[in-house]
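Attaching a single structure in structure tokens format; questions to follow.
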Amino acid sequence: MPKIISVINFKGGVGKTTVSVNVAACMAHKYGKKVLLVDLDPQSNASIWMLGEARWQDLATKHKKRNIAGIMLGWVNPKNTVETPFRDPGTGRGLIPQLDVIPAVYWMFYLEDHILRSRHAEVIKGTYKKHDEYRYLQKTLLPFLAEAEYDAVILDCPPNMYNVSKNAIFISHHYVVPCIPDTLSTIGLKQLLDQVEEFAGKTKAFGGSAPSLLGVLINRFEGPGVAETPLEDMEGTLRTYRNKPSLTVRKGSKVLSESPIRRYNAHQYACESSLPVCLFSERHPSDARAKNAASDIAGVTEQIMKKAGLQNDHD
């Protein structure tokens, strides 16, 4: 099985999509790993970034089942949903051959209601098995991954801790938490860790994973003077977990403050070009900010790969 890594935070606007898209692309482009990005967020931002708005819209309207929701509901075989992102319009080939994506669609907003209604119906019929509502990805995506040849799977989760996010945690080996170094993110980190820890404890005996926290990724970093107190508070939160028996926060779970993602407009420009930052910087070699943005992503990607055991001896 590939290493399955969830990118989660129930706060919006902290950079989950930026991290998911660019770490997946960097892992494939710079390090040669075979990577699958799965977009679980109904906002579909990662899908639009990777496929371009027009191509994603075509999939969302003409092929409504060829997405992660179609997989979860058992409508379509996962191998028929895999798309080639960042495709060269001239050749149709992917600009990063090692990278694939399974897109999301807007109507996934209704997936939560479907999961709850299905659970209610199963309870009434007497067919409900404990934690069935968290097994959709386990039943549909994992058999595909067991036969595929991916090194890593990145799950871009929605900004909440509802059933879809819990489906991701249920099958993940690891998770990372993107955060902005401010007061609200510091408070939210403890709440998130509490929920992941409680969920892992509740489901582990029923086949769920207890994913290890690879680290807290600092996004939109503007300098140590601005972020010093929030970073110390975040590390203090992780230290509290490391000092007690914890299923998900391990000895190496730390705030990755040595590899922050600084605030650059290059991320926005790369998205508008339907390119990851690593390719955008190569196409704009004189743009120092694009180069720095790509360097930041490479630093974060290296940390994630190292902690997840994805590095080769020659990396």
Side-chain angles (χ1 to χ4, degrees), residues 2-3 5 7 15-39 44-56 82-103 149-156 176 178 214-215 217-222 256 258-308 310-315:
K3 295 296 176 96
I5 304 170
V7 181
K16 290 187 299 298
T17 295
T18 296
V19 167
S20 299
V21 168
N22 288 293
V23 166
C26 183
M27 202 179 284
H29 185 59
K30 181 176 176 64
Y31 295 101
K33 301 299 180 183
K34 182 67 174 174
V35 182
L36 174 67
L37 174 65
V38 180
D39 189 357
S44 306
N45 290 337
S47 303
I48 295 169
W49 189 334
M50 298 191 96
L51 301 175
E53 184 176 2
R55 187 173 161 211
W56 171 82
V82 174
E83 298 290 333
T84 303
F86 312 124
R87 195 164 65 187
D88 186 324
T91 65
R93 289 193 290 268
L95 299 175
I96 304 178
Q98 295 286 95
L99 181 63
D100 291 327
V101 60
I102 295 178
E149 297 182 350
Y150 294 107
D151 298 301
V153 178
I154 308 295
L155 305 179
D156 184 22
V176 296
L214 295 182
L217 310 183
I218 302 304
N219 191 34
R220 299 182 186 175
F221 186 70
E222 295 186 0
L256 304 183
E258 72 276 13
S259 302
I261 301 173
R262 291 169 286 181
R263 184 189 291 271
Y264 286 120
N265 288 335
H267 296 289
Q268 177 183 341
Y269 297 148
C271 180
E272 291 171 355
S273 302
S274 294
L275 292 171
V277 169
C278 59
L279 290 183
F280 182 81
S281 66
E282 290 178 2
R283 293 193 174 191
H284 300 81
S286 61
D287 188 333
R289 293 185 178 183
K291 183 178 180 180
N292 289 339
S295 176
D296 289 351
I297 292 295
V300 166
T301 302
E302 186 175 0
Q303 288 291 312
I304 291 174
M305 291 177 60
K306 181 179 179 180
K307 290 177 177 292
L310 281 164
Q311 284 185 311
N312 298 326
D313 293 338
H314 57 78
D315 287 339

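Values below: every heavy atom of this structure, side chains too, minus hydrogens, waters and symmetry copies. Fair warning: this is a prediction, and the values are worked out from it, not measured in the lab.
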Within the distance-only criterion (no hydrogens, no angle test), does the side chain of Asn22 pair as donor or acceptor with the backbone N or O of Pro276 below 3.5 angstrom? no
One should read off an interatomic distance between His267 NE2 and Arg220 CZ, to the nearest 0.5 angstrom, of 9.5 Å
In this structure, CG of Leu275 is separated from CE of Met50 (nearest 0.5 Å) by 11.0 Å
Gap between atom NZ of Lys30 and atom CE of Met305 - 0.5 Å precision: 10.0 Å
Minimum heavy-atom separation for Phe86 and Ser274, please, with both atom names. CD2-O, 3.1 Å
Minimal non-hydrogen separation, Leu37 against Ala24, with atom names: CB-CB, 4.3 Å
Set of residues satisfying salt bridge (Lys or Arg N to Asp or Glu O under 4.0 Å) with respect to Arg55, sequence neighbours excluded: Glu83
Would you say Lys33's side chain and Asp151's backbone share a donor-acceptor pair under 3.5 angstrom? no
Non-hydrogen side-chain atoms of Asp100 and Val35 separated by less than 4.5 Å: no
Any chance the side chains of Ser20 and Asp156 put a donor and an acceptor closer than 3.5 Å? yes
Show the numbers, then the answer: is there a side chain to side chain contact (heavy atoms under 4.5 Å, CB included) between Arg87 and Leu95? CA-CA 6 Å; Arg87 195 164 65 187; Leu95 299 175; over 6 Å; no
Check residues 291-298 and write down every donor-acceptor pair under 3.5 Å in which the side-chain atom is one partner and the other belongs to a residue at least two apart or another chain.
{"residue": "Asn292", "atom": "ND2", "partner": "Tyr264", "partner atom": "OH", "Å": "3.4"}
{"residue": "Asn292", "atom": "ND2", "partner": "Ala288", "partner atom": "O", "Å": "3.4"}
{"residue": "Asp296", "atom": "OD1", "partner": "Arg262", "partner atom": "NE", "Å": "3.2"}
{"residue": "Asp296", "atom": "OD1", "partner": "Arg262", "partner atom": "NH2", "Å": "2.8"}
{"residue": "Asp296", "atom": "OD2", "partner": "Arg262", "partner atom": "N", "Å": "3.0"}
{"residue": "Asp296", "atom": "OD2", "partner": "Arg262", "partner atom": "NE", "Å": "3.0"}

Counting C-beta onward and ignoring hydrogens, is there a side-chain heavy-atom pair between Ile154 and Val7 closer than 4.5 Å? yes
Should we say atom CD of Glu282 is surrounded by more than 12 heavy atoms from elsewhere, each under 6.0 Å from it? yes
List the steps and the verdict of side chain to side chain contact (heavy atoms under 4.5 Å, CB included) for Ile5 and Val153. CA-CA 6 Å; Ile5 304 170; Val153 178; over 6 Å; no
With side chains defined as the heavy atoms from C-beta onward, is the minimum distance between Glu302 and Tyr31 less than 4.5 Å? yes
Shortest non-hydrogen pair, Pro2 vs Ala152, comes out as CB-N, 3.8 Å
Inspect the surroundings of CD in Glu258 and state if more than 12 heavy atoms from other residues, nucleotides or ligands are less than 6.0 Å away. yes
Between Ser47 and Asp39, the two heavy atoms sitting closest are OG-OD2, 2.6 Å
Rounded to the nearest 0.5 Å, how far apart are CD1 of Ile304 and NZ of Lys306? 13.5 Å
Distance col, row Met27:CE vs Gln98:CD, nearest 0.5 angstrom, shows 12.5 Å
Heavy-atom side-chain contact between Val300 and Ile261 under 4.5 Å: yes
Test item: Ile96 and Leu279 side chains (from C-beta on) under 4.5 Å apart, heavy atoms: yes
Looking only at side chains, do Thr18 and Asn219 share a donor and an acceptor under 3.5 Å apart? no
Considering all heavy atoms, the nearest Leu51-Pro85 contact: CD2-CA, 4.1 Å
Donor-acceptor pair, distance only, cut-off 3.5 Å: does the side chain of Trp49 make one with the backbone of Val21? no
Do side-chain atoms of Thr91 reach the backbone of Arg93 as a donor and acceptor pair under 3.5 angstrom? yes
Any side-chain heavy atom of Leu99 sitting closer than 4.5 Å to one from Val101? no
If we ignore hydrogens and angles and just use 3.5 Å, is the side chain of Lys34 paired with the main-chain N or O of Ala28 as donor and acceptor? no
Could you tell me whether the side chain of His29 and the main chain of Ala25 form a donor-acceptor pair under 3.5 Å? no
Just by modelled atom types, is the Leu256 backbone N or O under 3.5 Å from a matching donor or acceptor in the Ser259 side chain? no
Tyr269 and His284: CA distance, side-chain angles, deciding distance, side chain to side chain contact (heavy atoms under 4.5 Å, CB included) verdict: CA-CA 11 Å; Tyr269 297 148; His284 300 81; over 6 Å; no
